[in-house]
Amino acid sequence: MKKQAITPFVKWAGGKRQLLPAIKERLPEKYNRYFEPFVGGGAVLFELQPKKAIINDYNRSLVHTYRSIQTMPKEVMACVEQLDQGLIQGGRDYYYEKRALYNEKMLKEEYDVWMAALFLFLNKHCFNGLYRVNGKGLFNVPYNNSKKSSYAQKNIEGISKYLKKVRILEGDFEKACKGARKGDFIFFDSPYAPLNPTSFESYTKEGFDKASHIRLAKLFKKLSKRGCYCMLTNHDTELIRELYSEYNIEVVPVKRSINSDAKKRVGEEVIIRNYK
């Protein structure tokens with residue numbers, strides 16, 4: 001039976017849609033289970049749709065939205081539709097009102113269907129689809145002046161159907177890989193190492209610092225020794241090359257849409273593998 005084509009329901013910084021051909025060319029010939037510890041927008045997951053998959057992310061709101069679409073897609077879409085209709089009437093002020101509501105719910109830890117709907121809505125109507133929080137962990141991206149629909153019904157339905165076969169985790173990347181065994185494939189779309197080595201930023205207030213990159217490299221090595229197939233993508237930086245020097249490193253050109261300076265929207269990334 002032919003699988004339904006599905007695409008990410010959110011735009012995410014560092015998303016891998018444009019790298020999909022390069023990634024697919026470099027997949028292992030065969031593997032057992034698929035692990036993605038930094039799922040983000042899920043471009044690779046939704047393209048491959050592996051039969052046995054375990055996904056994870058540290059961003060609680062993102063994981064909650066995945067789980068909500070997995071278990072109650074109709075309810076999520078009904079709420080998003082209400083938000084979209086309100087935006088048509090209320091415009092800019094409505095967006096900021098809903099952004100404040102989202103942050104209020106996050107502070108109160110009210111992770112319900114409306115939280116998932118607000119997450120989808122804000123992602124579609126914030127500047128560049130960028131998920132960014134301030135020092136207090138509050139979402140602070142401005143309005144992009146768009147009034148387009150926040151979802152595509154068939155896509156959400158297809159995602160929900162597929163996700164019913166997927167195990168969704170929330171938390172640390174190392175914990176997410178704990179059950180990986182020989183023959184499993186782990187795809188690491190880790191937070192980017194900064195092009196400027198003096199600055200480290202991330203989309204969660206906890207951050208992903210140099211120590212985190214070193215810990216990830218140690219996990220990559222540990223899983224390699226276990227007999228897992230591992231692939232990692234990141235910026236082509238001195239730090240990344242140093243951490244993964246013993247593995248197969250290939251450079252691929254990319255266009256970066258999330259950058260205010262158009263001249264900086266072209267760059268290079270690396271695809272790193274522990275197999276040929």
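Position 1 is the first residue of the sequence; numbering continues from there. Any value given below was found using the heavy atoms of this structure, including those in side chains, with hydrogens, waters and symmetry copies removed. Note that the coordinates shown come from a computational prediction; the quantities given were computed from them, not determined experimentally.
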Report the relative orientation of the aromatic rings in Phe173 and Phe208; use parallel for angles under 30°, tilted for 30 to 60°, perpendicular for over 60°.
tilted
Before you tell me yes or no, could you show the steps for Val166 and Ile54 under side-chain contact (heavy atoms from CB on, under 4.5 Å), namely the whole-Å CA-CA distance, both residues' side-chain angles and the distance that decides it to 0.1 Å?
CA-CA 6 Å; Val166 176; Ile54 297 96; over 6 Å; no
Please round to the nearest 0.5 Å and tell me the distance separating atom OG1 of Thr233 and atom CD1 of Ile272.
8.5 Å
Answer yes or no: is there a donor N or O on one side and an acceptor on the other, between the side chain of Arg241 and the main chain of Asp236, under 3.5 Å?
no
Quick one: closest heavy-atom pair of Ala193 and Asn234, and the distance?
N-OD1, 2.8 Å
Does the cation-pi check pass for Arg99 over Tyr96, that is, NZ or CZ under 6.0 Å from the six-membered ring centre and within 45° of its axis?
no
Would you call the rings of His64 and Tyr111 parallel, tilted or perpendicular, where under 30° means parallel and over 60° means perpendicular?
perpendicular
Could you tell me if the side chain of Leu27 sits less than 4.5 Å from the side chain of Phe187, heavy atoms only?
no
Pairing of Arg215 and Asp172 as salt bridge, 4.0 angstrom limit:
yes
Verify the neighbour count for atom NZ of Lys178: are there more than 12 heavy atoms of other residues, nucleotides or ligands below 6.0 Å?
no
Those residues that, when tested against Arg26, pass side chain to side chain donor-acceptor pair (under 3.5 Å) (two or more places apart):
Glu250
Smallest separation among heavy atoms of Asp184 and Gly179, with atom names
OD2-O, 4.3 Å
Evaluation steps, side-chain contact (heavy atoms from CB on, under 4.5 Å), between Ile156 and Val76:
CA-CA 9 Å; Ile156 294 292; Val76 172; 5.9 Å; no
Side-chain donor-acceptor pairs of residues 139-147 under 3.5 Å, sequence neighbours excluded:
unit_1: Asn140; atom_1: OD1; unit_2: Arg132; atom_2: NE; d: 3.0
unit_1: Tyr143; atom_1: OH; unit_2: Ser146; atom_2: O; d: 2.9
unit_1: Asn144; atom_1: OD1; unit_2: Ser146; atom_2: N; d: 2.9
unit_1: Asn144; atom_1: ND2; unit_2: Lys124; atom_2: O; d: 3.2
unit_1: Asn144; atom_1: ND2; unit_2: Cys126; atom_2: O; d: 3.2
unit_1: Ser146; atom_1: OG; unit_2: Lys148; atom_2: N; d: 3.2
unit_1: Lys147; atom_1: NZ; unit_2: Ile88; atom_2: O; d: 3.3

Taking the side chain from Asn155 and the backbone from Thr7, do they hold a donor-acceptor pair closer than 3.5 Å?
yes
Give the minimum heavy-atom separation between Glu170 and Arg67, together with the two atoms involved.
N-NH2, 3.8 Å
Which atom of Val80 lies closest to which atom of Leu120, heavy atoms considered
CG2-CD1, 4.0 Å
Tell me the closest heavy-atom pair linking Ile159 and Ile6, and the distance in Å.
N-CG2, 3.7 Å
Quick one: does Val252's side chain get under 4.5 Å of Val270's, heavy atoms only?
no
Geometric class of the Phe9/Tyr66 ring pair [parallel <30°, tilted 30-60°, perpendicular >60°]
perpendicular
Arg273 side, atom CZ; Leu232 side, atom CG - distance, nearest 0.5 Å
12.5 Å
Can you label the angle between the Tyr192 ring and the His235 ring as parallel, tilted or perpendicular, going by 30° and 60°?
parallel
Is there a donor-acceptor contact under 3.5 Å from the side chain of Asn128 to the main chain of Leu130?
no
d(Ile23 CD1, Arg17 CZ) to nearest 0.5 Å is 13.0 Å
More than 12 heavy atoms of other groups within 6.0 Å of Lys175 NZ
no
Measure from the ring center of Phe121 to the ring center of Tyr102 and say whether it is less than 6.0 Å.
no
Can a salt bridge be assigned to the pair Lys218 and Glu174 using a cut-off of 4.0 Å between side-chain N and carboxylate O?
no
Tyr95 versus Leu122: any side-chain heavy-atom pair under 4.5 Å?
yes
Which one of Tyr31, Phe35, Tyr229 satisfies the ring-ring contact (aromatic ring centres under 6.0 Å, His included) criterion with Phe185?
Tyr31
Side chains of Asn59 and Tyr131 in contact at under 4.5 Å (non-hydrogen atoms)
yes
Could you give the side-chain donor-acceptor pairs of residues 40-52 under 3.5 Å, partners two or more places apart or in another chain?
unit_1: Glu47; atom_1: OE2; unit_2: Lys24; atom_2: NZ; d: 2.7
unit_1: Gln49; atom_1: NE2; unit_2: Gln4; atom_2: O; d: 2.8
unit_1: Gln49; atom_1: NE2; unit_2: Phe46; atom_2: O; d: 3.2

Which is it for Leu243 and His213 under the side-chain contact (heavy atoms from CB on, under 4.5 Å) test, yes or no, and what are the steps along the way?
CA-CA 8 Å; Leu243 290 174; His213 280 283; 4.0 Å; yes
State whether the side chain of Lys164 and the backbone N or O of Gln70 hold a donor-acceptor pair below 3.5 Å, judged by distance alone.
yes
Going by the rule side chain to side chain donor-acceptor pair (under 3.5 Å), which residues pair with Glu110 if we only count those two or more places apart in sequence or in a different chain?
Lys105
Got a sec, which pairs hit side-chain hydrogen bond (donor to acceptor under 3.5 Å, both in side chains) with one end in residues 71-87, sequence neighbours left out?
Glu81-Gln85, Glu81-Tyr151, Asp84-Ser150
OG-CG distance between Ser212 and Leu219, expressed to the nearest 0.5 angstrom:
12.0 Å
If we ignore angles and hydrogens, is there a donor and acceptor under 3.5 Å between the side chains of Glu36 and Tyr34?
yes
Kindly compute the distance separating SG (Cys177) from CZ (Arg226), expressed to the nearest 0.5 Å.
8.5 Å
What are the two closest heavy atoms between Phe119 and Ser61, and how far apart are they?
CD1-CB, 3.6 Å
CD/Gln18 to CG/Leu20 distance, rounded to the nearest 0.5 angstrom?
9.5 Å
Ile271/Met231 under side-chain contact (heavy atoms from CB on, under 4.5 Å): CA gap, chis, key distance, verdict
CA-CA 7 Å; Ile271 297 178; Met231 178 189 287; 3.9 Å; yes
Non-neighbouring partners of Asn274 that pass side chain to side chain donor-acceptor pair (under 3.5 Å), sequence neighbours left out
Ser224
Leu107 and Leu138, any side-chain heavy atoms less than 4.5 Å apart:
yes
Side chains of His125 and Leu87: closer than 4.5 Å at any heavy-atom pair?
yes
